[in-house]
Colleague: 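Right, I'll just put the structure down here and ask away after.
Being a predicted model, the structure only gives us computed values, none of them experimental. Hydrogens, waters and symmetry mates play no part in the numbers below; they use all other heavy atoms, side chains included. Lettering of chains follows the sequences in order, A, B, ..., and the numbering in each one begins at 1.
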Protein chains: 2
Amino acid sequence: MENRTVDTRERILDAGERLFMAHGYEGTSMRQITSEACVNLAAVNYHFGSKESLMQEVFRRRLDWLNEERMRVLDVLEAEANGEPVKPSAIVDAFFGTLLRMAGDENRGGMTFLRLLGRTLTEPSEFIRAFLAHEYKTVMDRYKEALFKALPEVPKAEIVWRFHFMLGATSYAIAGTDALRLVTDWQIEDEDSTDRLDRLVPRLMSFLLGGLRAQLPQFSDAAVDSK
Amino acid sequence: MENRTVDTRERILDAGERLFMAHGYEGTSMRQITSEACVNLAAVNYHFGSKESLMQEVFRRRLDWLNEERMRVLDVLEAEANGEPVKPSAIVDAFFGTLLRMAGDENRGGMTFLRLLGRTLTEPSEFIRAFLAHEYKTVMDRYKEALFKALPEVPKAEIVWRFHFMLGATSYAIAGTDALRLVTDWQIEDEDSTDRLDRLVPRLMSFLLGGLRAQLPQFSDAAVDSK
DNA sequence: TTATGATTAAAACGAACGTATGAATCATAA
DNA sequence: TTATGATTCATACGTTCGTTTTAATCATAA
């Protein structure tokens with residue numbers, strides 16, 4: 001009994017992941033999903049209850065592992081540091097590198113899930129917001145604290161903003177890997193697509209670190225940045 | 001006759017802009033739009049032909065000015081430079097600063113349009129891709145060339161990627177101004193919302209320039225970065 | 001082999017979608 | 001004042017949406 005069920009559930013999750021990535025939540029119909037998964041229309045409601053619950057399960061399947069892994073890696077880094085601050089580059093790699101390396105692991109959703117995640121963060125449907133907030137809260141707080149410790153001379157508000165900017169650059173780097181081409185018609189010359197992912201990680205990492213450690217902004221107005 | 005028409009068209013465009021921003025293209029219905037605009041359901045099809053055409057017009061109304069302004073500013077910068085390369089910081093400010101300062105100009109869409117633009121770039125519906133590509137092509141090429149000249153020691157492929165990353169960070173900075181709060185539950189402490197926008201521009205600019213001028217990545221593999 | 005609970009299947013539900021139609025209403029020029 | 005073209009209006013069309021229902025089919029344990 002177990003076998004059929006798992007296959008059906010997984011096929012639905014895979015189809016949902018791919019279609020939500022390509023057309024968004026609202027732009028994807030149950031009939032598209034069940035058709036692509038080769039299951040009956042009623043199967044989604046039977047196994048997941050509703051379209052919204054399916055969407056949540058699509059995320060949970062990947063995010064649970066991702067955020068556990070992020071916690072685990074940061075645990076290791078902090079243990080190695082023996083109470084000293086962890087290097088910013090190591091923190092950034094633990095958070096964003098772990099995410100990006102999912103793209104190469106087809107068993108963990110690969111590029112498809114990363115692009116879904118990237119686009120979802122800019123179009124948070126009301127119901128998915130609470131879910132993502134809950135799913136992300138703990139790991140975000142841990143990394144925020146680690147960055148505060150790693151960069152004691154940078155105001156906390158600035159670090160929070162820069163984490164925010166880093167998330168944006170990363171989401172685009174993924175979600176837009178071929179979307180941006182359609183906007184700009186740019187060719188990333190001389191690179192086949194296998195090369196591209198391998199090189200994306202160091203490229204993005206350089207950019208993120210450059211931004212994180214950039215000169216602090218000068219506010220034209222009077223008020224100095226509050227500690 | 002002219003007056004009623006213009007008002008109706010503008011009210012529809014305003015409502016569409018706000019609702020597309022909040023719920024996305026697929027997530028917004030004609031009935032929501034016409035209801036918010038206080039016009040008859042048939043008014044959209046009468047004035048714009050279809051929902052897709054309305055979406056295009058929502059963008060055109062703002063992008064035409066934005067991209068002309070970007071061109072104009074770069075013209076001025078290059079004229080002042082007398083054939084010398086323009087400073088990277090000036091190029092970045094001309095492109096992204098011009099965009100960000102739209103947020104403060106309610107007559108040009110303000111924050112609403114910027115957030116719509118930000119989220120649309122990660123969810124490019126098939127039909128909007130060709131439109132945005134056409135609308136953006138010329139100005140993108142101009143700025144790309146300016147950056148090549150400004151950073152002759154950086155490989156062109158790297159500059160293209162970093163422009164890409166900067167777009168992402170910027171889109172998030174805008175689209176996520178309150179979306180990210182919902183993901184991370186962060187409070188940007190000690191700042192009222194009027195302060196926030198004034199400070200966002202220098203903050204983001206510092207980050208973008210730090211990323212643009214960051215140390216070049218070291219690729220672990222053999223092949224050196226191609227010219 | 002038969003009984004049982006899990007899963008799949010086919011069909012239909014009411015609601016909401018984008019769009020089209022034709023009559024009513026408006027502003028303007030003759 | 002009346003004729004005309006632009007605009008607004010109420011209404012309906014045909015589809016598609018997510019979900020539900022009821023029956024058929026399957027796998028397993030007694």
Side-chain angles (χ1 to χ4, degrees), chain A residues 1-59 61 116 120 123-131, chain B residues 1-59 61 116 120 123-128 131:
Chain A
M1 87 174 195
E2 193 75 347
N3 234 345
R4 294 284 298 271
T5 302
V6 169
D7 280 354
T8 299
R9 280 181 58 99
E10 292 274 307
R11 279 209 309 279
I12 292 172
L13 288 169
D14 289 342
E17 186 172 70
R18 208 191 65 75
L19 289 166
F20 288 147
M21 176 275 287
H23 309 117
Y25 176 76
E26 310 275 5
T28 301
S29 72
M30 303 283 267
R31 286 163 178 83
Q32 285 177 272
I33 294 170
T34 52
S35 170
E36 171 137 338
C38 298
V39 301
N40 188 270
L41 170 60
V44 172
N45 289 284
Y46 176 77
H47 285 285
F48 300 95
S50 68
K51 187 185 176 187
E52 290 198 357
S53 299
L54 169 62
M55 179 70 153
Q56 290 186 20
E57 198 53 38
V58 165
F59 276 96
R61 177 170 67 148
L116 170 61
T120 303
E123 49 159 336
S125 303
E126 219 57 57
F127 81 92
I128 206 84
R129 290 186 177 182
F131 172 72
Chain B
M1 83 171 196
E2 193 75 348
N3 235 348
R4 294 284 299 270
T5 302
V6 168
D7 281 353
T8 298
R9 280 181 56 100
E10 293 275 308
R11 279 209 309 278
I12 292 173
L13 288 169
D14 289 344
E17 187 172 70
R18 209 192 64 76
L19 289 166
F20 289 147
M21 177 274 289
H23 309 118
Y25 176 76
E26 311 273 6
T28 302
S29 72
M30 302 284 267
R31 285 165 178 83
Q32 285 177 272
I33 295 170
T34 53
S35 170
E36 171 137 339
C38 298
V39 300
N40 188 269
L41 170 61
V44 171
N45 288 284
Y46 175 76
H47 286 284
F48 300 96
S50 68
K51 187 185 177 187
E52 289 199 358
S53 299
L54 168 62
M55 177 71 153
Q56 290 186 21
E57 198 54 36
V58 165
F59 276 96
R61 177 170 70 145
L116 170 61
T120 304
E123 51 160 337
S125 303
E126 219 56 59
F127 80 92
I128 207 81
F131 172 72

Colleague: For residues R61(B) and E17(B), determine if any side-chain heavy atom of one lies less than 4.5 Å from a side-chain heavy atom of the other.
Modeller: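 They are in side-chain contact.
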
Colleague: Between atom CE in M30(B) and atom P in dG14(D), what is the gap in whole Å?
Modeller: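 Atom-to-atom, M30(B) to dG14(D), this comes out as 19 Å.
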
Colleague: So does S29(A) get a side-chain nitrogen or oxygen closer than 4.0 Å to the phosphate oxygens (OP1/OP2) of dT16(D)?
Modeller: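 Result: no.
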
Colleague: Can you tell me if T8(A) touches the phosphate of dT7(C), counting only side-chain N or O atoms and a distance under 4.0 Å to OP1 or OP2?
Modeller: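 Indeed not, no polar side-chain atom of T8(A) lies that close.
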
Colleague: Could you check how far CG of N45(B) sits from C1' of dT8(D), rounded to whole Å?
Modeller: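 Rounding to the nearest Å, CG of N45(B) and C1' of dT8(D) are 14 Å apart.
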
Colleague: Among dA10(C), dT19(C), dA10(D), which nucleotide sits nearest the side chain of S50(B)?
Modeller: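 Shortest atom-to-atom distance from the side chain points to dT19(C).
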
Colleague: Paired with dT2(D): which nucleotide, if any, by Watson-Crick or G-U wobble criteria at under 3.5 Å for both distances?
Modeller: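 Pairing partner, where one exists within any strand: dA29(C).
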
Colleague: Please name the nucleotide paired to dA12(C) by Watson-Crick or G-U wobble geometry with both distances under 3.5 Å, or report none.
Modeller: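 Pairing partner, where one exists within any strand: dT19(D).
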
Colleague: Measure from CD on E52(B) to C1' on dT19(C) and round the result to the nearest Å.
Modeller: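 Distance check: E52(B) CD to dT19(C) C1' gives 13 Å.
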
Colleague: For a quick check of understanding: with a heavy-atom distance under 4.0 Å over all strands, which category does T28(B) fall into, base, sugar-phosphate or nothing?
Modeller: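 Since only primed, P, OP1 and OP2 atoms lie under 4.0 Å of T28(B), the category is sugar-phosphate.
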
Colleague: What is the distance from atom OG of S35(B) to atom CG of L19(B), rounded to the nearest 0.5 Å?
Modeller: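 Rounded to the nearest 0.5 Å, the OG-CG separation comes out at 9.0 Å.
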
Colleague: So how far is it from F131(A) CZ to M55(A) CE, rounded to the nearest 0.5 Å?
Modeller: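 Reported value, rounded in 0.5 Å steps: 9.5 Å.
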
Colleague: Rounded to whole angstroms, how far apart are NE2 on H23(B) and C1' on dA16(C)?
Modeller: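 About 16 Å, once rounded to whole Å.
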
Colleague: Would you mind reading off the distance between Y46(A) atom OH and dT7(C) atom C1', rounded to a whole angstrom?
Modeller: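 Distance check: Y46(A) OH to dT7(C) C1' gives 5 Å.
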
Colleague: Do you know the tightest heavy-atom contact between E36(B) and A15(B)?
Modeller: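 Closest pair (atom of E36(B), atom of A15(B), distance): CG-CB, 3.8 Å.
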
Colleague: Just checking A43(B): base, sugar-phosphate only, or nothing, at a heavy-atom cut-off of under 4.0 Å?
Modeller: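 Answer is nothing: A43(B) stays at 4.0 Å or more from every strand.
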
Colleague: Sort out the partner of dA12(D) for me: Watson-Crick or G-U wobble, both distances under 3.5 Å, none otherwise.
Modeller: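 Pairing partner: dT19(C).
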
Colleague: Just to confirm, is there a sub-4.0 Å distance from OP1 or OP2 of dT8(D) to any side-chain nitrogen or oxygen of H47(B)?
Modeller: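 It does, given that an N or O in the side chain of H47(B) lies less than 4.0 Å from OP1 or OP2 of dT8(D).
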
Colleague: Rounded to whole angstrom units, what separation is found between the NZ atom of K51(B) and the P atom of dC17(C)?
Modeller: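 Rounding to the nearest Å, NZ of K51(B) and P of dC17(C) are 9 Å apart.
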
Colleague: Is there side-chain contact between E26(B) and Y25(A), with heavy atoms separated by less than 4.5 Å?
Modeller: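 Side chain of E26(B) against side chain of Y25(A), heavy atoms only: no contact under 4.5 Å found.
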
Colleague: Counting heavy atoms from C-beta on, name the nucleotide in dC9(D), dA9(C), dA12(C) closest to the side chain of A42(A).
Modeller: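 Closest of the options to the side chain of A42(A): dA9(C).
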
Colleague: What is the distance from CZ of R31(B) to C1' of dC9(D), rounded to the nearest Å?
Modeller: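 Between C1' of dC9(D) and CZ of R31(B): 14 Å.
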
Colleague: Rounded to the nearest Å, what distance is computed from the CD atom of residue E26(B) to the P atom of nucleotide dG18(C)?
Modeller: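 Going from E26(B) (CD) to dG18(C) (P), I get 9 Å.
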
